[in-house]
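Let me begin by presenting the structure, written as structure tokens, before commenting on it.
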Amino acid sequence: MSGQTIGVIGAGTMGNGIAQVCAMAGLDVTLVDVSDAAVARGLATLGNSLERLVKKDKLTAAASAAALARVRGTTDYAALAGADLVIEAATENLALKLRILQQLAEVVREDAVIATNTSSISITQLAAAVKAPERFVGMHFFNPVPLMALVEVIGGLQTSDATRERALAFVKSIGKTPIAVKNSPGFAVNRILVPMINEAIFVLQEGLASAEDIDAGMTLGCNQPIGPLALADLIGLDTLLAVMQVFSEGFDDPKYRPAPLLKEMVAAGRLGRKSGRGFYTYA
């Protein structure tokens, strides 16, 4: 992928993280969002992330400056016309993603690969919104993108073998490890992880143990690096609820029903770290 241009739509947590790892790998990046303010926030977050790496001696100041210089922020989709690969990284909302992809497909080259960063939405369904859907693929990055090594590469029904191979090569080129997954609600990792977190919320809801003891049980008893409820706060309870709702609808199986406490906390705006309060309180 050396010398190629990458587009990223969405300058939020996932989008600016994807832009960062691409820029650090030597790729030119165009970062697009709906407003100048959103773009500015994304670039500022990216810059702060690079600065932290410099302070930890994991990146030189020169490399940080070079990476930041490779990222261009804009609100204009037309800036993606020359991109070789565009990754949509908007909020986990089907209607929003479909709208973005339809708009994007009118702008990019016909030989450009179009990818979506989604943790649960059907790649086949999203591909249907794109001209030449055989060039569409899922790339599920994990949060925080600069630190997490894994990317799920998901092929929809329409995805060509050539597109899948290009996506796998791209992921390796930015220093990540890809795994190939078939299209299914939640793909592989979240299919296992999110119901486990949801079950931990049921355990808390039923009063079987406190949040602290549930997390201690899973970290000390199952050797997990972080407890499920602390992880829920990190991911965002609204994101978890959205994924569980996709599972519930996609599988039509009551075992995937979201915990009522999860719904209640989202309704209360207690979304975890991003809102300052979830199962724990954050300064």
Side-chain angles (χ1 to χ4, degrees), residues 1 4 6-10 12-19 21-22 27 29 32 80 83-105 108 111-145 148-194 235-236 239-240 242-247 249-251:
M1 297 295 295
Q4 298 200 23
I6 308 300
V8 178
I9 299 178
T13 300
M14 299 305 294
N16 68 60
I18 294 168
V21 297
C22 290
L27 303 174
V29 183
V32 180
L80 300 172
D84 301 288
L85 164 67
V86 180
I87 303 170
E88 171 275 311
T91 304
E92 197 78 349
N93 178 285
L94 175 60
L96 174 62
K97 287 182 180 289
L98 287 172
R99 187 164 64 250
I100 289 172
L101 292 171
Q102 288 164 353
Q103 185 176 352
L104 174 64
V108 296
D111 63 338
V113 171
I114 300 177
T116 179
N117 175 63
T118 177
S119 58
S120 62
I121 297 174
S122 169
I123 304 306
T124 296
Q125 186 174 8
L126 291 173
V130 174
K131 290 180 180 177
E134 64 274 7
R135 59 170 169 166
F136 189 82
V137 68
M139 290 185 191
H140 177 206
F141 289 80
F142 289 76
N143 185 31
V145 178
M148 299 297 282
L150 181 68
V151 179
E152 287 182 303
V153 174
I154 310 106
L157 184 64
Q158 310 94 317
T159 307
S160 70
D161 290 342
T163 296
R164 199 186 326 264
E165 290 304 314
R166 286 179 68 181
L168 291 167
F170 162 74
V171 170
K172 293 175 183 176
S173 77
I174 60 172
K176 302 296 184 184
T177 300
I179 60 172
V181 182
K182 292 181 179 179
N183 186 56
S184 180
F187 316 128
V189 175
N190 276 344
R191 172 78 176 273
I192 300 166
L193 174 67
V194 176
I235 293 170
T239 300
L240 288 171
V243 174
M244 285 305 301
Q245 288 169 331
V246 168
F247 287 177
E249 295 168 10
F251 293 114

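All heavy atoms count here, side chains included; hydrogens, waters and symmetry mates do not. Throughout, numbering of the chain's residues begins at 1 and tracks the sequence.
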What is the distance from atom OG of Ser122 to atom CD of Glu249, rounded to the nearest 0.5 Å? 12.5 Å

Under the side chain to side chain contact (heavy atoms under 4.5 Å, CB included) test, which residues partner Ala83, sequence neighbours left out? Val86

Search all heavy atoms of Ile100 against all heavy atoms of Ala90 and return the closest pair with its distance. CD1-CB, 3.5 Å

Would you say the side chain of Thr118 lies within less than 4.5 Å of the side chain of Ile123, judging by non-hydrogen atoms? yes

For the pair His140 and Asn117, evaluate side-chain contact (heavy atoms from CB on, under 4.5 Å) and give the outcome as yes or no after the intermediate values. CA-CA 5 Å; His140 177 206; Asn117 175 63; 4.3 Å; yes

Counting distance only, does the side-chain N/O of Lys172 pair as donor-acceptor with the main-chain N or O of Pro178 below 3.5 Å? no

Between CG on residue Leu157 and CG on residue Asn183, distance to nearest 0.5 Å: 8.5 Å

Under a 4.5 Å cut-off applied to non-hydrogen side-chain atoms, are Leu98 and Leu126 in contact? yes

If only atom types and distance count, is the side chain of Thr116 paired as donor or acceptor with the main-chain N or O of Gly138 below 3.5 Å? no

So which atom in Ala89 and which in Val8 form the shortest heavy-atom distance, rounded to 0.1 Å? CB-CG1, 4.4 Å

Please confirm whether the backbone N or O of Ile154 pairs with a side-chain atom of Glu152, one donor and one acceptor, at under 3.5 Å? no

Between Glu92 (side chain) and Ser120 (backbone), is there a donor-acceptor pair under 3.5 Å? yes

Tell me the closest heavy-atom pair linking Ala167 and Met139, and the distance in Å. CB-CE, 3.6 Å

Taking side chain as C-beta onward, heavy atoms only, is Asp161 less than 4.5 Å from Arg164? yes

Shortest non-hydrogen separation from Ile174 to Cys22 and the atoms involved: CG2-CA, 4.2 Å

Side chains of Ile235 and Asn143, heavy atoms from C-beta outward: is any pair under 4.5 Å? no

For Ala188 and Val181 the tightest heavy-atom approach is N-CG1, 3.8 Å

With a 4.5 Å heavy-atom cut-off, do Met14 and Phe141 have their side chains touching? yes

Rounded to the nearest 0.5 Å, what separates atom CG in Leu150 from atom NZ in Lys176? 9.5 Å

Roughly how far apart are Gln103 CD and Leu80 CG, rounded to 0.5 Å? 9.5 Å

Judged by atom type as modelled, is there a donor-acceptor pair below 3.5 Å linking the side chain of Thr163 to the main-chain atoms of Glu134? yes

Gap between atom CZ of Arg135 and atom CG of Leu85 - 0.5 Å precision: 11.0 Å

Side chain of Asn190, backbone of Ser119: donor and acceptor closer than 3.5 Å? yes

Val113/Phe170 under side-chain contact (heavy atoms from CB on, under 4.5 Å): CA gap, chis, key distance, verdict: CA-CA 11 Å; Val113 171; Phe170 162 74; over 6 Å; no

side-chain contact (heavy atoms from CB on, under 4.5 Å) partner of Ile9, the single match among Leu101, Leu104, Ile87: Leu104

Rounded distance [0.5 Å steps], CD1 in Ile18 versus CD1 in Ile6: 11.0 Å

For Ala115 and Phe136, which heavy atoms make the closest approach, and how far apart are they? C-CE1, 4.4 Å

